[in-house]
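Whatever order the structure lists ligands and atoms in, that order sets their numbers, starting from 1.
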Amino acid sequence: MVRDLSQRMDICSVNTATLGFQAPIGETIDAIAEAGFGMISPWRRDTKDLDVSAVARHIRDAGLKLSGYCRSPYIPAVTTEKYRANIEENKRAIDDAATLGAPVFIMVVGSLPEGSKDIEAARRQVREACSELVSYGRNVGVKIGLEPLHPVYAADRSCLTLLSEALDWCDSIEGAAATPQIGVIIDCYHVWWDPTLHRAIKRAGEARRIFGFHVCDWLVPTTDVLNDRGMMGDGIIDIRLIRSQLEASGYQGAVEVEIFSAANWWKRPVKEILHICRERFQTAT
Ligand code: ZN
């Protein structure tokens with residue numbers, strides 16, 4: 001049996017990208033709380049040039065908790081200087097995650113830097129950087145969540161494409177741990193097609209490494225692989241099945257809606273998007 005989300009609005013989270021960044025973060029926080037959601041997942045662009053501790057206070061005062069903080073600057077680089085700078089930039093973002101009270105920092109790791117064809121080098125850099133960031137995060141109380149992306153993004157956004165591969169990296173970076181500091185973010189959009197998905201979810205659950213669950217849908221046809229994601233229920237992903245597999249493996253955390261939809265949802269009023277998200281959490285998630 002899956003959790004009844006109509007009774008669990010406390011774990012239903014809205015990733016602010018879903019609302020198309022139409023309003024400043026203060027208004028967005030209030031709108032999400034008013035719509036009855038218990039959690040929020042902001043982006044770095046939401047807090048850019050703002051006093052992050054004031055944003056943290058606003059989130060707390062609205063009665064919301066954070067399910068995560070999005071997302072890492074890309075890691076791979078051709079020069080050592082740029083690679084080190086990318087790691088430092090990630091540390092500053094992890095500091096902000098700590099100030100906000102986010103339990104986990106979401107990592108979309110990047111892939112081939114300009115001019116490179118060496119994807120294995122990119123993967124090596126990411127693994128090496130992550131072991132440094134795990135230690136850094138531990139000291140400030142923020143866990144690291146690796147989000148494998150759909151292979152369509154392998155060239156530019158993520159050299160990490162498989163859930164099983166993300167778990168291999170966690171094991172090699174941290175080893176078995178009672179309270180893991182590095183884990184995975186499972187986003188339906190990126191992993192639904194993977195024939196080894198169920199096995200990988202079980203493995204992730206056993207290792208206590210599921211740090212987040214993102215939902216949206218895969219539309220047929222998809223007109224833009226980046227910005228044409230669907231509302232839950234409008235596409236071909238069996239989201240309920242994936243959620244049931246996560247929960248059977250022990251996952252008790254947030255369910256977070258994250259929809260990039262430039263031509264459709266982002267053009268609608270924030271209130272309407274939130275209303276439909278809430279309904280689809282119950283009927284199609
Ligand atoms: Zn995601």
So does D234 pair up with R280, basic N to acidic O under 4.0 Å?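 Between R280 and D234 there is a salt bridge, with a charged N closer than 4.0 Å to a carboxylate O.
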When you check the gap from the basic side-chain N to the acidic O, do E174 and R209 get nearer than 4.0 Å?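 Yes, charged N to carboxylate O under 4.0 Å.
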So which residues get pulled into L219's cluster when ILVMFWY side chains under 4.5 Å apart are joined, directly or through others?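 Answer for L219: none, a lone residue.
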Mind checking the CD-NZ spacing from E88 to K91? Nearest 0.5 Å is all I need.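 Answer for the CD-NZ pair, E88 versus K91, is 4.5 Å.
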If you look only at pairs with a residue in residues 104-154, which of them pass as a ring-ring contact (aromatic ring centres under 6.0 Å, His included), with sequence neighbours excluded?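 Pairs touching residues 104-154 that pass the test: H150-W193, H150-W218, Y153-H190.
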The criterion is salt bridge (Lys or Arg N to Asp or Glu O under 4.0 Å); which residues satisfy it with R123, sequence neighbours excluded?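 Listed in chain order: E120, E165.
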With a cut-off of 2.8 Å, which protein N/O/S atoms are close to the Zn ion (ligand 1), if we only count those under it?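 Listed by chain and number, the atoms are E147 OE2, D187 OD2, H214 ND1, E258 OE1.
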